[in-house]
J.: 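Mind looking over this structure? Questions follow.
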Amino acid sequence: MVKGKVAVVTGSTSGIGLGIAEGLAGAGAQVVLNGFGDAAEIEALRARLAETHGVGVIYDGADMSRPDEIERMMRRVEQELGGVDILVNNAGIQHVCPVEDFPVAKWDAILAIDLSSAFHTIRLAVPHMKRRGWGRIVNIASAHALVASPFKSAYVAAKHGVLGLTKAVALEVAEAGVTVNAVCPGYVLTPLVESQIPDTAKARGITEEEVKRDVLLAAQPTKQFVTVEQIAATTLFLCSEAAASITGTHIAVEGGWTAH
Ligand code: NAD
């Protein structure tokens with residue numbers, strides 16, 4: 001099902017996106033990597049994925065906060081690889097701060113990268129998927145698409161928006177063989193989570209150890225961090241034939257967090 005398909009994974013130079021790109025390459029997809037980082041490290045990563053899995057892998061550094069760059073990347077994929085069959089909207093950033101002090105520029109950046117970029121990639125990918133009569137769109141949302149936490153106003157707003165976008169587009173493309181779903185991870189120990197620990201400690205007036213134990217893992221009844229591999233496997237499942245009737249919904253992979 002995934003073999004030979006063209007998969008774009010935004011924000012795949014690190015963390016969850018990288019795990020998903022690995023999973024898709026392992027299943028035989030041609031992969032388009034995207035995200036920031038050291039150029040030599042990204043090239044090494046690209047070459048390793050291509051060699052290990054025997055698939056085509058290209059890298060495009062389009063900035064997901066910029067619609068013009070997103071459009072350029074999507075056109076490039078169309079020209080070089082024939083169009084996007086599997087689209088994983090994963091790029092995301094976070095900022096933790098009380099709402100009255102929340103920097104306006106951070107709000108704008110989070111909305112652009114965590115929400116609007118998915119609108120742009122989707123609008124540009126859907127025509128090809130409809131022509132082909134097959135497509136998979138997986139939006140990496142968050143448990144914060146379902147419930148809120150304090151001091152994350154922009155992120156919670158953006159992720160709730162991703163779920164709305166997921167449902168609306170799923171209805172539009174339902175008859176075209178295209179499914180649109182969201183994956184809602186709980187806490188995964190990636191650079192995104194590691195970097196918010198000091199700010200959360202400051203905002204709540206507690207130590208960083210207490211943040212891990214009393215804030216992050218306190219939210220998850222399993223008391224375990226979710227792994228990158230678990231998110232990648234869920235994404236691969238949504239790309240499979242077995243998931244062809246799953247659309248316009250989400251799969252929560254959050255250790256029971258939203259059952260509270
Ligand atoms: P990460 O910081 O490890 O990776 C983020 C990726 O996005 C990197 O490749 C980075 O270069 C890229 N990126 C950031 N800004 C970009 C931009 N403007 N343009 C293009 N790429 C950009 O983070 P992660 O934890 O792997 O997060 C991935 C996704 O999973 C995010 O959408 C995040 O909200 C979501 N998520 C993460 C967790 C978690 O606990 N880590 C939980 C729920 C949801």
Side-chain angles (χ1 to χ4, degrees), residues 8-23 31-39 41-42 45-46 49 59-74 87-96 105-106 108-118 120-121 138-149 152 154-163 165-166 182-197 200 211-212 215-217 219-220 222 224-232 234-235 250-255 257-258:
V8 169
V9 185
T10 69
S12 46
T13 52
S14 163
I16 292 171
L18 176 53
I20 292 170
E22 290 247 32
V31 172
V32 180
L33 293 172
N34 160 261
F36 298 149
D38 176 78
E41 281 176 24
I42 293 173
L45 172 66
R46 189 205 62 74
L49 275 186
Y59 165 72
D60 193 293
D63 181 341
M64 288 297 121
S65 70
R66 294 190 41 186
D68 59 333
E69 289 201 18
I70 296 172
E71 187 144 0
R72 183 200 47 70
M73 178 183 81
M74 298 297 280
L87 172 64
V88 182
N89 287 305
N90 167 81
I93 59 168
Q94 170 65 289
H95 188 72
V96 179
K106 280 282 181 203
D108 289 342
I110 290 173
L111 269 285
I113 297 166
D114 296 21
L115 175 59
S116 298
S117 74
H120 292 296
T121 55
V138 181
N139 299 319
I140 305 303
S142 169
H144 282 118
L146 305 165
V147 293
S149 295
K152 297 184 177 179
Y155 188 82
V156 170
K159 294 296 186 178
H160 275 65
V162 167
L163 268 198
L165 176 68
T166 301
V183 176
C184 296
Y187 285 111
V188 186
L189 263 192
T190 65
L192 180 137
V193 167
E194 305 261 15
S195 68
Q196 67 184 271
I197 291 174
T200 304
V211 170
K212 270 195 183 174
V215 180
L216 303 184
L217 291 181
Q220 296 185 181
T222 54
Q224 303 284 328
F225 284 102
V226 176
T227 68
V228 164
E229 291 74 20
Q230 289 164 350
I231 304 301
T234 305
T235 303
H250 67 271
I251 299 182
V253 188
E254 30 64 305
W257 177 344
T258 59

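Ligands are counted one by one from 1 in listed order, and the atoms in each one are counted from 1 as well.
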J.: Please name the pair of heavy atoms, one in Tyr155 and one in Ile93, separated by the smallest distance, quoted to 0.1 Å.
T.: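 Tyr155 and Ile93 have their closest heavy atoms at CD1-O, 3.4 Å.
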J.: For the pair Gln230 (side chain) and Thr227 (backbone), establish whether a donor and an acceptor sit closer than 3.5 Å, ignoring hydrogens and angles.
T.: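 Yes, the answer is positive, given that a donor and an acceptor are paired below the 3.5 Å cut-off.
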J.: Would you mind running through ligand 1 and noting each atom that sits below 4.0 Å from a heavy atom of Tyr187?
T.: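 By the 4.0 Å cutoff, the relevant atoms are 40 (O).
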J.: If the cut-off is 4.0 Å to any non-hydrogen atom of Val193, which atoms of ligand 1 fall inside it?
T.: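 Checking each atom against Val193, I get 39 (C), 40 (O), 41 (N).
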J.: Minimum heavy-atom separation for Phe225 to Gln220, with atom names?
T.: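 Closest approach of Phe225 to Gln220: CA-NE2, 4.1 Å.
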J.: So which bit of Ser195 gets within less than 4.0 Å of ligand 1, heavy atoms only: side chain, backbone, both or neither?
T.: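 No part of Ser195 comes within reach of ligand 1.
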J.: How close does the nearest protein non-hydrogen atom get to atom 25 (O) of ligand 1, and which residue and atom is it?
T.: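 The answer is Thr190 OG1, 2.4 Å.
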J.: Using heavy atoms and a threshold below 4.0 Å, how should the contact between Thr13 and ligand 1 be classified: side chain, backbone, both, or neither?
T.: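 The part of Thr13 near ligand 1 is both the backbone and the side chain.
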J.: Compute the minimum heavy-atom distance from Cys184 to ligand 1 and say whether it is under 4.0 Å.
T.: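 The answer is no: ligand 1 sits nowhere under 4.0 Å from a heavy atom of Cys184.
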J.: Ala143 versus ligand 1: do any nitrogen or oxygen atoms come within less than 3.5 Å of each other?
T.: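 By distance alone, the answer is no.
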J.: We want to know whether Thr10 and Asn90 form a side-chain donor-acceptor pair, criterion being a heavy-atom distance below 3.5 angstrom.
T.: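 Their side chains do not contain a donor-acceptor pair, so the 3.5 Å distance test is not met.
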J.: Near Ile93, which atoms of ligand 1 are under 4.0 Å from a heavy atom of that residue?
T.: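 Selected atoms, number and element: 14 (C), 15 (N).
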J.: Please find the pair of heavy atoms, one from Ala232 and one from Gly19, that lie closest to each other, and give the distance.
T.: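 Looking at all heavy atoms of both residues, the closest pair is CB-O, 3.5 Å.
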J.: So, Glu254 and Thr258: side-chain donor and acceptor under 3.5 Å apart, yes or no?
T.: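 The criterion, which ignores hydrogens and geometry beyond distance, is satisfied for Thr258 and Glu254.
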J.: How far is atom 21 (N) of ligand 1 from its nearest protein heavy atom, and which residue and atom name does that atom have?
T.: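 Protein heavy atom with the smallest distance to atom 21 (N) of ligand 1: Gly35 CA, 3.5 Å.
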J.: Students should be able to answer this: which protein heavy-atom is nearest to atom 11 (O) of ligand 1, and at what distance?
T.: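 Minimum-distance protein heavy atom for atom 11 (O) of ligand 1 reads Phe36 N, 2.8 Å.
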J.: Relative to the heavy atoms of Ile113, which atoms of ligand 1 are at a distance of less than 4.0 Å?
T.: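 Contacts of ligand 1 toward Ile113, numbered from 1: 18 (N).
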J.: For atom 4 (O) of ligand 1, which protein heavy atom lies nearest, and how many Å away is it?
T.: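 For this ligand atom, the closest protein heavy atom is Ser14 OG, 3.6 Å.
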J.: Answer side chain, backbone, both or neither: which part of Leu189 comes under 4.0 Å from ligand 1, heavy atoms only.
T.: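 For Leu189, no heavy atom sits under 4.0 Å from ligand 1.
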J.: Run the numbers for me: atoms of ligand 1, each under 4.0 Å from some heavy atom of Ala62, listed by number.
T.: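 By the 4.0 Å cutoff, the relevant atoms are 19 (N), 20 (C).
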J.: Has the side chain of Lys159 got a donor or acceptor atom that lies under 3.5 Å from a matching backbone atom of Ile140?
T.: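 It does hold such a pair.
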J.: Looking only at heavy atoms, what is the nearest atom pair of Asp38 and Glu41, with distance?
T.: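 Where Asp38 meets Glu41 most closely, the heavy atoms are OD2-N, 2.9 Å.
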J.: Work out which heavy atom in Gln196 is nearest to a heavy atom in Leu192; give both atom names and the distance.
T.: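 Scanning both residues, the minimum pair turns out to be NE2-O, 3.3 Å.
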J.: For a quick check under 3.5 Å, do Thr166 and His250 share a side-chain donor-acceptor pair by atom type?
T.: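 Distance-only check fails for Thr166 and His250.
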J.: For ligand 1, which atoms have a heavy atom of Asp63 less than 4.0 angstrom away?
T.: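 Those atoms are 17 (C), 18 (N), 19 (N).
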J.: Using modelled atom types and a 3.5 Å cut-off, is there a donor and acceptor pairing between side-chain atoms of His160 and backbone atoms of His144?
T.: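 Indeed, once roles are kept as given, a pair shorter than 3.5 Å links the two residues.
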J.: Which ligand 1 atoms, with their elements, are less than 4.0 angstrom from a heavy-atom of Ser12?
T.: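 So the answer, numbered in order with elements, is 9 (O).
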J.: Quick one: does Gln94 get a heavy atom under 4.0 Å from ligand 1?
T.: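 No heavy atom of Gln94 comes that close to ligand 1.
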J.: Closest heavy-atom contact between Phe36 and Gly61?
T.: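 Answer, listing the atom of Phe36 first, then Gly61: CE2-O, 4.1 Å.
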J.: Using heavy atoms and a 4.0 Å limit, tell me yes or no: is Gly37 in contact with ligand 1?
T.: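 So Gly37 does not count as touching ligand 1.
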J.: Out of all atoms in ligand 1, which are within 4.0 Å of some heavy atom of Asn34? Include the element for each.
T.: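 Here the atoms of ligand 1 in question are 20 (C), 21 (N).
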J.: Run the contact test for Asn90 against ligand 1 with a 4.0 Å cut-off on heavy atoms, strictly below, and give the result.
T.: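 Yes, that is the case, since the closest heavy atom of the residue is under 4.0 Å from the ligand.
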J.: May I ask you to identify the nearest protein heavy atom to atom 42 (C) of ligand 1, giving residue, atom name and distance to one decimal place in Å?
T.: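 Answer, as residue, atom name and distance: Gly186 O, 3.0 Å.
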J.: Measure from atom 44 (C) of ligand 1 to every heavy atom in Ala118, Gly15, Ala141 and give the option owning the shortest one.
T.: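 When every heavy atom of Ala118, Gly15, Ala141 is considered, Ala141 comes closest to atom 44 (C) of ligand 1.
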J.: What verdict does the side-chain contact (heavy atoms from CB on, under 4.5 Å) test give for Tyr59 and Val32, after you've listed the backbone C-alpha separation in whole Å, the side-chain angles of each residue and the deciding distance to 0.1 Å?
T.: CA-CA 6 Å; Tyr59 165 72; Val32 180; over 6 Å; no
J.: Compute the shortest N/O to N/O distance between Ile16 and ligand 1 and return yes if it is under 3.5 Å, no if not.
T.: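 Yes, since at least one N or O of Ile16 sits under 3.5 Å from an N or O of ligand 1.
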J.: For ligand 1, does Ser117 get within less than 4.0 Å through its side chain, its backbone, both, or neither, judged by non-hydrogen atoms?
T.: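 Under 4.0 Å from ligand 1, Ser117 contributes no heavy atoms.
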J.: Going by the closest heavy atom to atom 5 (C) of ligand 1, which one wins out of Ala112, Pro185, Pro191, Gly92?
T.: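 Of the listed residues, Gly92 has the closest heavy atom.
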J.: Who's the nearest protein heavy-atom neighbour of atom 19 (N) of ligand 1, and how far?
T.: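 Result: Met64 N, 2.8 Å.
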J.: Examine Lys159 against ligand 1 and note whether any of their N/O atoms are separated by less than 3.5 Å.
T.: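 Yes.
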J.: Look at ligand 1 and say whether Tyr155 reaches it with a heavy atom at a distance under 4.0 Å.
T.: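 Contact check Tyr155 vs ligand 1: positive.
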J.: For the pair Asn139 (side chain) and Ala118 (backbone), establish whether a donor and an acceptor sit closer than 3.5 Å, ignoring hydrogens and angles.
T.: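 Flag not set: sc Asn139 to bb Ala118 has no pair under 3.5 Å.
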J.: Report the C-alpha separation of Asn34 and Met64 in whole Å, then their side-chain angles, then the decisive distance to 0.1 Å, and conclude whether the side-chain contact (heavy atoms from CB on, under 4.5 Å) test is met.
T.: CA-CA 9 Å; Asn34 160 261; Met64 288 297 121; 3.7 Å; yes
J.: Taking it one step at a time, do Val183 and Ile16 satisfy side-chain contact (heavy atoms from CB on, under 4.5 Å)?
T.: CA-CA 11 Å; Val183 176; Ile16 292 171; over 6 Å; no
J.: Write out the residue and atom name of the closest protein heavy atom to atom 12 (C) of ligand 1, then the distance separating them to 0.1 Å.
T.: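 Going by distance alone, atom 12 (C) of ligand 1 is nearest to Gly11 CA, 3.6 Å.
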J.: If you have a sec, work out which protein heavy atom is nearest atom 40 (O) of ligand 1 and how many Å separate them, to one decimal?
T.: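 Checking every protein heavy atom, the shortest distance to atom 40 (O) of ligand 1 gives Val188 N, 2.7 Å.
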J.: Checking Ser117 side chain against Ser65 main chain: does a donor-acceptor pair fall under 3.5 Å?
T.: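 Flag not set: sc Ser117 to bb Ser65 has no pair under 3.5 Å.
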